[in-house]
Structure formats: C-alpha cells, structure tokens
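All figures in this text were calculated on a predicted structure; none of them were measured in a lab. Note that these values count all heavy atoms, side chains included, but never hydrogens, waters or copies made by symmetry.
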Amino acid sequence: MKRVALKWELVGIIFIVVVGGMLHFAFDWSGQWQPLALIAAVNESVWEHLKLGFWPALFYSFVEYWYINKSTNNFLIAKTTAIYLIPITITVLFYSYTAIIEDMLVADILVFVLAVAVGQLTSYRILSSRQLPKGSHRFAMVALVCLILIFALFTFYPPHLPIFKDPITGAYGIPGP
C-alpha cells in the first residue's frame, strides 16, 4: 500500500508541475477565454500563480481517488492538506526570498516545484498513517470546498491587496480588452 501511494504522489509532483506550467500561459493562449480564467493565471500576481498549483493538485486528487482511495487511509484529509500546503508554501517562500533578493524566474520555478513536492509528500505521510477520526474527514471536506470557492471568487473579484496586484501592469484580476 505505501509503495503504491508513494508512486502516485511522486507522479503527482510531475503532473502538477507540468500542468501548472501550462496553466501559466493557457489564458493568453486561449485568446483570454473568460471561463478559463477560473483555473489559469490571468496576470502575474502572486495570487494567480497560486492557482497553478491549486487546480492541478485538485484535478490530480480526483484521478487518485479512483485508484488509491480504498487502499490508503485519510484520503480526503491528505489531499486537502496537500492542496492547502502548496499555495501556503509558495506564498511563504516567495515573499521570504524576495524580501532578501530580487525576484528571479529560476527562483520562482524552484519555489513552485518545492511547494508541490512539500504538498505531495505530506499527503503521502497522511495517506500512510493511522486512520484519523471521522470528524476530521468532514472538516477536510468543508475546508476544501471553502478553498475552491475562494479561488473562484477572488479570480473574478480580487481584493485590492498586494498579493492580487499584477506587478507588471498594476492591475487586479482579469485584464481588460
């Protein structure tokens, strides 16, 4: 069981990084097709980059569910934890390194890959641990639904806070025509 779960989580790192990388450009590639704004980055703000880890991790979790849910423990808790850890880790690492040195593309990519690895490997630890109380599964479901709603809402109605501001254009949210 543990080996299978570890393989799935390691493959997930690759999947999330590759799909997240494509989602960085997908909105522009699509001619700024508005429905794609939900899952693809619409500008260069930190917030929009968090979506690049969040949505692929969520989609990959749906795939994993069909293959390893019954053979692991705490599936929903593990995946919710990973899905929260990825954007949290990106935010902490990005703002930490840019407080010391100038923003660099290579560092941004490394932060993204590291954050995805942290999420997936934490998920593995939870999947391979003892069964947690049932109430924690309900809490994980509510927490996951809340995060989905927040990502959807703030894509179309971003607050005017620094994390949502495109450093290139100074704009918030989806660019105008």
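- Contact annotation: the side chain of L50 approaches that of T91 to within less than 4.5 Å [non-hydrogen atoms, C-beta and beyond].
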Exercise. Run the numbers on Y67 and V4 for side chain to side chain contact (heavy atoms under 4.5 Å, CB included), then give the verdict.
Key: CA-CA 10 Å; Y67 293 97; V4 171; over 6 Å; no
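- Interatomic distance, OG of S30 versus CG of L36, reported as 4.5 Å (0.5 Å rounding).
- The OG1 atom of T80 sits 10.5 Å away from atom NE2 of H137, with the distance rounded to the nearest 0.5 Å.
- With 3.5 Å as the limit, one finds no donor-acceptor pair spanning the side chains of Y172 and N43.
- Within the 4.5 Å cutoff, the side chain of F164 has no heavy atoms near those of the V46 side chain.
- Side-chain contact check for T81 versus S123: every heavy-atom pair is 4.5 Å or farther apart.
- In this structure, OG1 in T98 is found 10.5 Å from CD in E102, a value given to the nearest 0.5 Å.
- I168 belongs to no hydrophobic cluster with other residues, because no ILVMFWY side-chain heavy atom falls under 4.5 Å from its own, directly or through intermediates.
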Quiz item: Do E9 and R125 pass the side chain to side chain contact (heavy atoms under 4.5 Å, CB included) test, and can you show the C-alpha distance, the side-chain angles, and the key distance before you say yes or no?
Solution: CA-CA 10 Å; E9 297 310 277; R125 295 282 294 174; over 6 Å; no
Practice problem: For the pair H24 and E44, evaluate side chain to side chain contact (heavy atoms under 4.5 Å, CB included) and give the outcome as yes or no after the intermediate values. | Solution: CA-CA 9 Å; H24 186 276; E44 291 297 321; 3.3 Å; yes
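- Following chains of ILVMFWY side-chain contacts shorter than 4.5 Å, one cannot reach V17 starting from V106, and the two form parts of different hydrophobic clusters.
- Considering only heavy atoms from C-beta on, V19 stays 4.5 Å or farther from W55 through its side chain.
- In the hydrophobic clustering of this structure, L132 does not group with Y84; members are Ile, Leu, Val, Met, Phe, Trp, Tyr whose side-chain heavy atoms approach within less than 4.5 Å, directly or through other members.
- Proximity of F112 to L52: side-chain heavy atoms (C-beta onward) are separated by under 4.5 Å at one or more points.
- No continuous path of hydrophobic side-chain contacts links I77 to L58 [ILVMFWY only; heavy atoms under 4.5 Å].
- Rounding to the nearest 0.5 Å gives a distance of 10.0 Å between CD1 of I90 and CG of D108.
- Counting heavy atoms from C-beta outward, V116 and F15 have side chains that stay 4.5 Å or more apart.
- One hydrophobic cluster, built from ILVMFWY side chains closer than 4.5 Å, cannot hold both L114 and L110; they sit in different ones.
- No donor-acceptor distance shorter than 3.5 angstrom exists from the side chain of K51 to the backbone of I39, with no hydrogens or angles considered.
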Quiz item: Given I16 and F59, is the side chain to side chain contact (heavy atoms under 4.5 Å, CB included) satisfied, shown in steps?
Solution: CA-CA 9 Å; I16 296 164; F59 295 145; over 6 Å; no
Exercise. Evaluate the criterion ring-ring contact (aromatic ring centres under 6.0 Å, His included) for residue pair W47 and F151; output intermediate values, then yes/no.
Key: CA-CA 9 Å; W47 177 260; F151 268 103; 4.6 Å; yes
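- Checking side-chain atoms of N74 against main-chain N and O of I126 turns up a donor-acceptor pair under 3.5 Å.
- Side-chain contact between N73 and S128 is absent, with no heavy-atom pair separated by less than 4.5 Å.
- Contact annotation: the side chain of W8 never approaches that of Y124 to less than 4.5 Å [non-hydrogen atoms, C-beta and beyond].
- Atoms CD and CD1, on Q34 and I174 in that order, are 4.5 Å from each other to the nearest 0.5 Å.
- Aromatic rings of W33 and F27 (six-membered ring for Trp) have centroids beyond the 6.0 Å cut-off, not under it.
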Name each donor-acceptor pair under 3.5 Å that joins a side chain in residues 138-146 to protein atoms two or more places apart or in another chain, with its distance.
none

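- Atoms OG1 and CD1, from T122 and I83 in turn, are 12.5 Å apart once rounded to the nearest 0.5 Å.
- Ring pair F25/W29 is parallel by interplanar angle, where below 30° counts as parallel and above 60° as perpendicular.
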